[in-house]
Visitor: 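My structure is below; once you've seen it, I'll send some questions.
Order of the sequence lines sets the chain letters (A, B, ...), proteins ahead of strands, with each chain counted from 1. All of these numbers come straight from a predicted model, not from anything done at the bench.
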Amino acid sequence: MNPAPAIGAGHESLPTILYLNGVTVSFDGFKALDNLSFYIRAGELRAVIGPNGAGKTTMMDVITGKTRPDAGEVFFDETVDLTKLDEARIANLGIGRKFQKPTVFENHTVFENLELALAGDRRALPALFFRLGPAERARIDAVLATTALAPVQDRAAGSLSHGQKQWLEIGMLLMQDPDLLLVDEPAAGMTDAETEQTARMLREIAASHSVVVVEHDMEFVRDLGCRVTVLHEGSVLAEGSLETVQANPRVVEVYLGR
Amino acid sequence: MAGWRPGFTHLLGDRGGLVLLTVLAAAAVLVPVLNLLVPPTAAFHVPTYLVSLLGKYLCYALLALSVDLVWGFCGILSLGHGAFFALGGYAMGMHLMRQIGTRGVYGHPVLPDFMVFLNWKELPWYWHGFDHFAFAALMVVLVPGLLAFLFGWFAFRSRVTGVYLSIITQAMTFALMLAFFRNNMGFGGNNGLTDFKDLLGFNLQADGTRAALFAASALMLAGGYALCRFVVNSRFGKVLVAIRDAESRARFLGYRVESYKLVVFTLSAVMAGVAGALYVPQVGIINPSEFSPANSIEVVIWVAVGGRGSLHGAVLGAVLVNYLKSYFTGALPDAWLFVLGGLFIAVTLFLPKGIVGTVPALGPGRCWKGIDAATTQLTRLFGGGRTQL
Amino acid sequence: MSLLPRVVLLIGLAFAVLSPARIEAAPVDEAFSGFASAGYDTIEKAIETLAASGHPTAEAVLNALEGGNLFVREADGAIVYKTKDGKVLDARTDAPIAGNAAESLKPVRVNNRIRRAVKAALGSLTLLNPRTESRRVAAEAVFKGRDPTALPHLEAALAKEKDAGVRRVMEQARAAALLGTDAPEAAKLAAIEVIAGRGDLEARALLASLGRDVPPAVAKAAAAAVAAIDGRLAVWNTAQSVYYGISLGSVLLLAAIGLAITFGVMGVINMAHGEMVMLGAYTTFVVQETIRKTAPELFDYSLAIAVPLAFLVAAAVGILIERTVIRFLYGRPLETLLATWGLSLVLQQGVRSIFGPTNREVGTPAWMSGAFELGGLTLTYNRLTIIVFAVVVLALLMLITRFTPFGLRMRAVTQNRQMAASMGIRTPWLDSLTFGLGSGIAGIAGVALSQIDNVSPNLGQSYIIDSFMVVVFGGVGNLWGTLVAALTLGVANKLLEPFAGAVLGKILILVFIILFIQKRPRGLFALKGRAVES
């Protein structure tokens, strides 16, 4: 089942940054992804929604190299076959990922977390002699400002509030400066004010990056104001603007139950 | 700004380290002086047996440091570091055996006594070269390093982590123990290597040699400490801690976790090997029981007692536990295993951060806070690495 | 070999009672006087004559001769023999001799040649015994003696023999005896074929000993037969190795099953697992000591009594450990590993303080001693019992986890702790019980291991690494995997031993597992899916 043509997104002419075709993943007979096909154009902001077990997280796992698909193809930037690469290679290609449960390095300070995420040489031996230059320090300061974390930059990341950890993780994605960001439930467990600020942050990021956001919260998706893909039982159920999707009877059926 | 060498700035603000280095430097001078120059009747005289005992503790401390580097900072709980220690020890032991020359019981010019006893006709190929100190010293570094590199290459690439890794490191040292017990391996079997005479021409029984070995151990420990401090304060060290705390996050940030683990594991094994090489001439024997899994796991508890993830804690723990061991095995031999076992349980249950992480005066205490803040600012200002406490 | 003469002796005695009296005076007198001679030739001749005579005391005398109990009375040259219970009897008449005469007795000279002659002679004597088993043993004796002079007796016995099995042995004996004569080449070739048909070590020894002083065709046939026997023996040896391997595997299985519960199901790294095994072994020791002191007649049941007690002791200690130490460390496997290692040291030293550092003697009940042969295999009863026992324990455990409410809850907690808790399962209590079950099974293993290993405070340590290897190799959380892994490792170890030696074999296995875990970190039978990945 191919998705319907894009609706008013304005990215049609741009190259496809991520392309999944016929991806299938099964765990002990259970198909987490079933012939999933899906693509994103460069610079696009896309929300992926779907009920629990629809395959959202598994899709992220496949794109980032954590899980190998049983069948299907995954291409980044139209040429790079992601199914052949490991997590570190994929990350270095320019795909960043934010986990559902905020994972930051708890024993490092906020500053150090951002420093670790800083784009650059990731090899082990050069890291022994690496020293932070003024340009890099300026970049970190800029991201500290974007994520409103400057006042707590010297605190251990483990001592941050839940919302701050989420922002720190988004900040780390920014430091990575990836071409494509995968963001898993950024608003989970946040207050309304925090949610709103998160949405603003993501829109800001989307201005210069391609972003895929997996989310449950419909209000948040509305705040994002972007194209929506609905996953169900491991494949795409519907795609389009939030209004179109919400009007789709099959989507309603899936969300409201039979 | 570039004038500040990281090798200097990284020691600034490391209070525990500065104390440790000062103590080591003082000991390296004072202990030999008090042993050699102060007459035995004087109150401050340090008897030779004590010099060797302290030297032994320092070697254990270096071993503990190497375990702390992988466990405390990278979360790799190695239960096989005793193997690297023993391999370094055997490399040194082989050199010392070759130095015996014709002074052995059988007086054979080339073959060590045990080979004559086993009716061997010629030196096995892997014993060649050990008559040169430089070659032996190279092997002290290479053999443990190479084994760790190969082991780590396979283990880390296939992402063996946690207890699985611990269990296979234990199996590794167990297999080596079985192997070294075999007579036909050519390492002296059950009895190991002993009856050493001299090192670089100095009689190993002489007070002067013992004092020199002690000083060498102190310097090597200081060097090992400085190296570890450099490593953990570098970006590399921060990545290690990141791997320890959230391995898959580090992967998704693009760090090739296995490379980092491999480098630190190999480095740590080399340190353990050097510790073993210094240990052997001071205790006068190396035998396969050094490979026993119980030894390796005991090292882990030294680190845990001192405080994992704190370099000076590992040194403190090693010295403290081994002092306790010397005391108990002398005074109350039956009680020692109760004490050791109790330490394992008590430390994991009640002191997860070890002594250094628990006793305020040794950890990031209040009275030091000002200095800490100042040095942190200073190091930031001059672009050095940040303090890792 | 020590068994055979005794059997022959017993059968000989039976024959002496049963056989009809056949008295032929003259050659017998000659024979008896021959025993007094100093020359081995004369003595050998006397043996043959006596055997051929069928004299009523012939059996007893020949047996006495073999055992060095035949004497010449120095006073008058009369031949006497001592029975097992110390009586001295006249060799010719079985009449008792006065006790004090014993001092002037000179033993009849015996060397290996004489012993062989005695064996052959005894064989021919009993070839006509009415009891089938006696005839078979007798024929075997002749086969081993390969005395050409036995040929006439064999022919006579063969003529009367009805039992096919005994006939075959007699034919083999005849063939063996024939090879020692100057029979024609064709007859010898046929004989070799008959002997080769036996296919055992005895036949091989006989054929290999033919040497060069036989015609080339015979030598060639013998060599071919030896090669054929070697081939067959190699098969049996492999089978024997496999049996030893299964036996070792069953020991590994017993040691590892408990761990498969605590590590495999609960994820607890219990380094004190080996000490649970040790506690089981010491429980067996205490049970046996108590029985020895109070009710020795129950000794054969000591293991049956020890099994439930060992389970209870180890389970109680296990629950205590879980309640006081392990429950504070859930989710911190490396810390659990260290704390339980500490516990193992404490338990070892505790046992050492109470029972002493040396090995303790644990006896084997009569019904577990001994062995029997199956084809070319020797199976000892104690090993066989342990194999059966291991299978029974595994089966029971599987039944418990599959079909009891406890097992159901245990699996529920393993799969989803929070869900199980919210459905009313008291998870902390269940953790304790599960840990107790795993520890108790280790205790039971200790009862079995006390039969084949030294019961010392270090008993457990020697099993802990092996046990972990088995569980990890088999795949964590999978009892079938544990079974397959234990048997595979046991058999592989024993098959390697003949080539590599015991120690190197073990090292190779360890290296193999280390490499295997790196290839498949989750073992042979890995669970798949998202739940395992976290």
Visitor: Is the number of heavy atoms from other residues, nucleotides or ligands within 6.0 Å of OH (Tyr126(B)) greater than 12?
Guide: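 Count over threshold, so yes.
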Visitor: Between Val503(C), Leu329(C), Ile465(C), Asp466(C), which has the largest tally of heavy atom pairs under 4.5 Å with chain B?
Guide: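 Counting heavy-atom pairs under 4.5 Å, the top option is Ile465(C).
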Visitor: Could you look at Trp71(B) and say if it's the side chain, the backbone, both or neither that has a heavy atom under 4.5 Å from chain C?
Guide: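 For Trp71(B), side-chain heavy atoms alone lie under 4.5 Å from chain C.
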Visitor: Between the side chains of Lys325(B) and Glu298(B), is the shortest nitrogen-to-carboxylate-oxygen separation below 4.0 Å, so that they form an ion pair?
Guide: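 Answer for the salt bridge query: yes.
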Visitor: Checking Ser289(B) against Asn287(B): is there a side-chain donor and acceptor pair closer than 3.5 Å?
Guide: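 Looking only at side-chain atoms, Ser289(B) and Asn287(B) do form a donor-acceptor pair, the distance falling under 3.5 Å.
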Visitor: Has the side chain of Thr340(C) got a donor or acceptor atom that lies under 3.5 Å from a matching backbone atom of Met271(C)?
Guide: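 It does hold such a pair.
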Visitor: Mind ranking Leu79(B), Thr161(B), Asp334(B) by heavy-atom pairs under 4.5 Å with chain C and telling me who comes out on top?
Guide: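 Among the listed options, the one with the most contacts to chain C is Asp334(B).
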Visitor: How many angstroms lie between atom CG of Asp68(B) and atom SG of Cys228(B), to the nearest 0.5 angstrom?
Guide: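 So the CG of Asp68(B) and the SG of Cys228(B) are separated by 8.0 Å.
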Visitor: Spell out, as yes or no, whether a donor-acceptor pair under 3.5 Å connects the side chain of His273(C) to the backbone of Ala255(C).
Guide: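 The answer is yes, because a donor-acceptor pair under 3.5 Å joins these two groups.
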Visitor: Leu510(C) versus chain B, heavy atoms under 4.5 Å apart: side chain, backbone, both or neither?
Guide: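 For Leu510(C), side-chain heavy atoms alone lie under 4.5 Å from chain B.
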Visitor: May I ask you to decide if Gly354(B)'s main-chain N or O and Arg308(B)'s side chain share a donor-acceptor pair within less than 3.5 Å?
Guide: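 No.
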Visitor: Quick one: which of Ile297(B), Ile301(B), Leu176(B) has the most heavy-atom pairs under 4.5 Å with chain C, could you say?
Guide: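 Most heavy-atom pairs within the cutoff with chain C belong to Ile297(B).
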Visitor: How far apart are the closest heavy atoms of Glu275(C) and Ser344(C), and which atoms are they?
Guide: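 Scanning both residues, the minimum pair turns out to be OE1-CB, 3.1 Å.
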Visitor: Heavy atoms under 4.5 Å from chain C: which residues of residues 177-186 of chain B carry them?
Guide: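 Residues of residues 177-186 of chain B touching chain C at under 4.5 Å: Leu178(B), Ala179(B), Arg182(B).
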Visitor: Highest number of heavy-atom pairs under 4.5 Å with chain C: which of Gly75(B), Ala346(B), Gly342(B), Ala294(B)?
Guide: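 Max contact count across the listed options: Ala294(B).
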Visitor: Looking at Glu258(B) and Lys261(B), does any basic side-chain N land under 4.0 Å from a carboxylate oxygen?
Guide: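 The answer is no: the pair does not qualify as a salt bridge.
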Visitor: Heavy-atom cut-off 4.5 Å, strictly under: side chain, backbone, both or neither for Phe338(B) against chain C?
Guide: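 Both parts, heavy atoms under 4.5 Å.
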Visitor: Measure distances from Val160(B) to the heavy atoms of chain C and classify the residue's part below 4.5 Å as side chain, backbone, both or neither.
Guide: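 For Val160(B), the contact with chain C is made by the side chain alone.
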Visitor: Please look at Ile269(C) and chain B and tell me whether the side chain, the backbone, both or neither of the residue comes under 4.5 angstrom of a heavy atom of that chain.
Guide: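 Only the side chain of Ile269(C) comes within 4.5 Å of chain B.
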Visitor: Quick one: do Phe84(B) and Phe265(B) satisfy ring-ring contact (aromatic ring centres under 6.0 Å, His included)? Show the steps, please.
Guide: CA-CA 11 Å; Phe84(B) 304 127; Phe265(B) 193 65; 5.8 Å; yes
Visitor: Which answer fits Leu504(C), side chain, backbone, both or neither, if we ask what part of it has an atom under 4.5 Å from a heavy atom of chain B?
Guide: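 Both parts, backbone and side chain.
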Visitor: If you look at every heavy atom in Leu252(C) and Gly490(C), which pair is closest and at what distance?
Guide: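 Taking Leu252(C) first and Gly490(C) second, the nearest heavy atoms are CD1-N, 4.1 Å.
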